[in-house]
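What you are looking at is a predicted structure, and each value in this text was computed from that prediction instead of being measured.
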Amino acid sequence: MTESWVNYAERIGVDLHLELSGPGGRRAALTRALREAVRGGRLAPGTRLPPYRSLAADLGVARNTVADAYAELVAEGWLTARQGSGTRVAERARPPRRAVGAPAQAPAHAPGPRHDLRQGRPDASAFPRTAWAASYRRALQAAPSEAFGPGDPAGRRELRETLAEYLARARGVRTEPDRIVICSGFAHALRLLFGRDTPGAAGGPDGPGARGGPAGGGVLRGPLGVEAYGLGFHRDLLAAAGVRTVPLPLDEHGARVAALGRERAVLLTPAHQFPTGGPLRPERRAAVIDWARARGSVVLEDDYDGEFRYDRRPVGALQGLDPERVIHIGSVSKSLSPALRLGWMVLPERYVEPVLAAKGEREGWASVPDQLALADFVARGSYDRHVRRMRQRYRDRRDRLVAALAERAPHIEVTGIAAGLHAVLRLPPGTERTVVEAAARRGIALDGLAAFRHPDGPATAGDGLVVGYAAPADHAYGAALEALCEVLAAA
């Protein structure tokens, strides 16, 4: 019986992470990737490779592409093929022993982790290549000639109109195309809003300079309230812009917004707190809007994975409560791919001109052909279909994680709502660092909760792991769970 690629990968416990990029087409790229996997030791001599059909399905390429790549590597001596034995890595591919005293050569690149369970990474193998290529082709054919000139800093009208309709339908956002500004992602949005090197408003939402101000001031200024646990990269970016961040305590109901005081703005993840996993409860959603109105402040809503709620319909965006007091920020980094540098800001009217001034006279960040392709992809329903498919896939993965822990490490609790691309695993007090180090020795890449704590914030979340269950390809997920459970069983 032919061994399936899924069973094969789980048995050897390896995700090859084959990157099909570079010149020469898919066959040449696959040939290079396999050759590098053998040369780098990720495929040991004697290892049996998956059948053509299985690897072709996993990589989204034609079966003949895999067959031709195998044949070329057999001819070069990297692989061997025998009837009834399948295709294997040749014994002669074993690297020669280094002579005593000879200097070691540095590898061409550092090998990736054996099991990638880092947060914030969607399953790259699930990118909808065929549907995206069709949208891209249609978008290019239909685009007017002016689309290939200097870009509008607000972004293509086609995309802004499509996003206004989609966000209203899927996220409860109240806006219109002229209040949407396209950016390259959430970090780019923060740079536009707070960057020192961009012109914009020098005051708060209602303060002086609200429709333009001196260069160096940014559109918004601190101090900025932030959740006590969040991405350090965002805090570093804000610190580099001279913005002081004030940590807000967290509990199972999200940020304790009653602690807000004289901050000029607050940054929240209300649909699914990152990373602890709880939603902002309704009375706190109302309270933060009341605070913003009373103080003349603004709420920045990071809707990083708002579409992915598994136990019920996704909670609507906070922006719907008051479009003039909330800046809603989203992107396709979690839903499609972080390789597509496309995001959006839904702005109160008074911020549109300052943000466009900060961005500059031309679109210099988000590719116009990509914007047009995304507009077609969303308008034709391909985005909705992809999100539904991935919602089911990630729900299944989370369920598998919960079931595996219940069986193999029942003392480990999974917390947070059933949503997003990661789960938080509570650990016994004082064990987080030891468990993270043990996982690293097993080739498992993941993060401890402490890595996300604001340096001035309270350590209220305790010890835990932030486990991304979306990143591994389907064929590698079972082996990753097995390795993780072995580590946690000893915790």
Side-chain angles (χ1 to χ4, degrees), residues 152-195 198 200-201 204-206 210-211 218-220 224 234 265-272 274 280 285 288-289 292-293 297-308 314-336 340-359 363 365-366 370-371 374-375 377-379 383-384 387:
D152 182 345
R156 289 297 301 181
R157 181 80 186 184
E158 298 92 330
L159 179 56
R160 290 185 285 121
E161 289 178 347
T162 302
L163 283 174
E165 186 278 331
Y166 171 78
L167 292 172
R169 170 172 52 82
R171 304 295 300 122
V173 169
R174 295 190 286 153
T175 191
E176 54 192 35
D178 289 340
R179 291 169 63 165
I180 296 177
V181 173
I182 303 302
C183 55
S184 67
F186 187 80
H188 183 210
L190 285 184
R191 289 188 175 99
L192 290 173
L193 292 170
F194 292 99
T198 57
D206 300 320
R211 295 184 64 83
V219 177
L220 300 176
L224 173 69
H234 293 162
V266 61
L267 170 59
L268 300 173
T269 50
H272 184 217
F274 180 85
L280 190 65
R285 292 164 68 95
V288 76
I289 296 296
R293 290 171 177 168
S297 299
V298 66
V299 181
L300 277 63
E301 177 180 24
D302 181 0
D303 199 41
Y304 71 99
D305 65 357
E307 296 105 334
F308 294 112
V315 63
L318 182 66
Q319 188 267 3
L321 294 180
D322 192 338
E324 293 304 323
R325 291 296 167 190
V326 179
I327 298 176
H328 178 89
I329 307 172
S331 78
V332 299
S333 293
K334 307 297 186 294
S335 56
L336 279 173
L340 289 177
R341 303 309 306 150
L342 288 173
W344 49 86
M345 286 183 281
V346 180
L347 296 163
E349 184 176 4
R350 63 187 174 281
Y351 288 132
V352 174
E353 288 184 16
V355 167
L356 292 179
K359 201 174 182 189
E363 172 58 77
W365 296 85
D370 283 350
Q371 292 183 50
L374 181 60
F377 194 75
V378 174
Y383 187 78
D384 289 270
V387 167

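In this structure, V219 and F194 have side chains that are not in contact, with every pair of non-hydrogen atoms separated by 4.5 Å or more. Using a 4.5 Å heavy-atom cutoff, the side chains of L318 and R325 are not in contact. Here the side chains of L190 and L300 are in contact, with some heavy-atom distance below 4.5 Å. You'll find the side chain of V346 stays beyond 4.5 Å of the side chain of I327, heavy atoms only. The shortest distance between side-chain heavy atoms of V326 and L321 does not fall below 4.5 Å. A 4.5 Å side-chain heavy-atom check between Y304 and F274 finds at least one atom pair inside the cut-off. Contact check for T162 versus F377: no side-chain heavy atoms found under the 4.5 Å cut-off. The shortest distance between side-chain heavy atoms of L336 and L374 falls below 4.5 Å.
Residues that satisfy the salt bridge (charged side-chain N to carboxylate O under 4.0 Å, His left out) test with D322, not counting sequence neighbours, are R293. Checked against side-chain hydrogen bond (donor to acceptor under 3.5 Å, both in side chains), R341 has no partners two or more places apart in sequence or in another chain. In terms of the salt bridge (charged side-chain N to carboxylate O under 4.0 Å, His left out) criterion, residue partners of E158 (sequence neighbours excluded) are, by chain and number, R156. Taking R285 as the reference, nothing meets the salt bridge (charged side-chain N to carboxylate O under 4.0 Å, His left out) condition, with sequence neighbours excluded. Partners of R179 under the side chain to side chain contact (heavy atoms under 4.5 Å, CB included) rule, at least two apart in sequence or in another chain, are T175, E176, P323, E324, E349, V352. Qualifying salt bridge (charged side-chain N to carboxylate O under 4.0 Å, His left out) partners for D384, counting only residues two or more places apart in sequence or in other chains: R169.
Side-chain atoms of S335 and Y383 form a donor-acceptor pair, as typed in the model, at a separation below 3.5 Å.
The backbone N or O of R174 sits less than 3.5 Å from a side-chain atom of Q319, completing a donor-acceptor pair.
Considering every non-hydrogen atom in both V355 and V181, the closest pair reads CG1-CG1, 4.1 Å. Across every non-hydrogen atom of K359 and L192, the tightest pair is CA-CD2, 3.8 Å. For R160 against P177, the heavy-atom pair with the smallest separation is NH1-O, 3.0 Å. Listed here is the closest heavy atom pair of C183 and A189: SG-CB, 4.1 Å. The two atoms that bring A366 and I182 nearest to each other are CB-CG2, 4.0 Å, heavy atoms only.
In this structure, CG in L268 is found 12.0 Å from CG in D303, a value given to the nearest 0.5 Å. S297 contributes atom OG, which lies 10.0 Å from atom CG of L220 (distance to the nearest 0.5 angstrom).
Centroid-to-centroid, the aromatic rings of F308 and H272 stay 6.0 Å apart or farther.
Just one residue in the list M345, H188, E301 forms a side chain to side chain contact (heavy atoms under 4.5 Å, CB included) with I329, and that residue is M345.
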- side-chain contact (heavy atoms from CB on, under 4.5 Å) between L167 and W344, intermediate numbers included: CA-CA 11 Å; L167 292 172; W344 49 86; 3.8 Å; yes
- Task: Applying side-chain contact (heavy atoms from CB on, under 4.5 Å), run through L340 and Q371 and close with a yes or a no.
- Result: CA-CA 10 Å; L340 289 177; Q371 292 183 50; over 6 Å; no
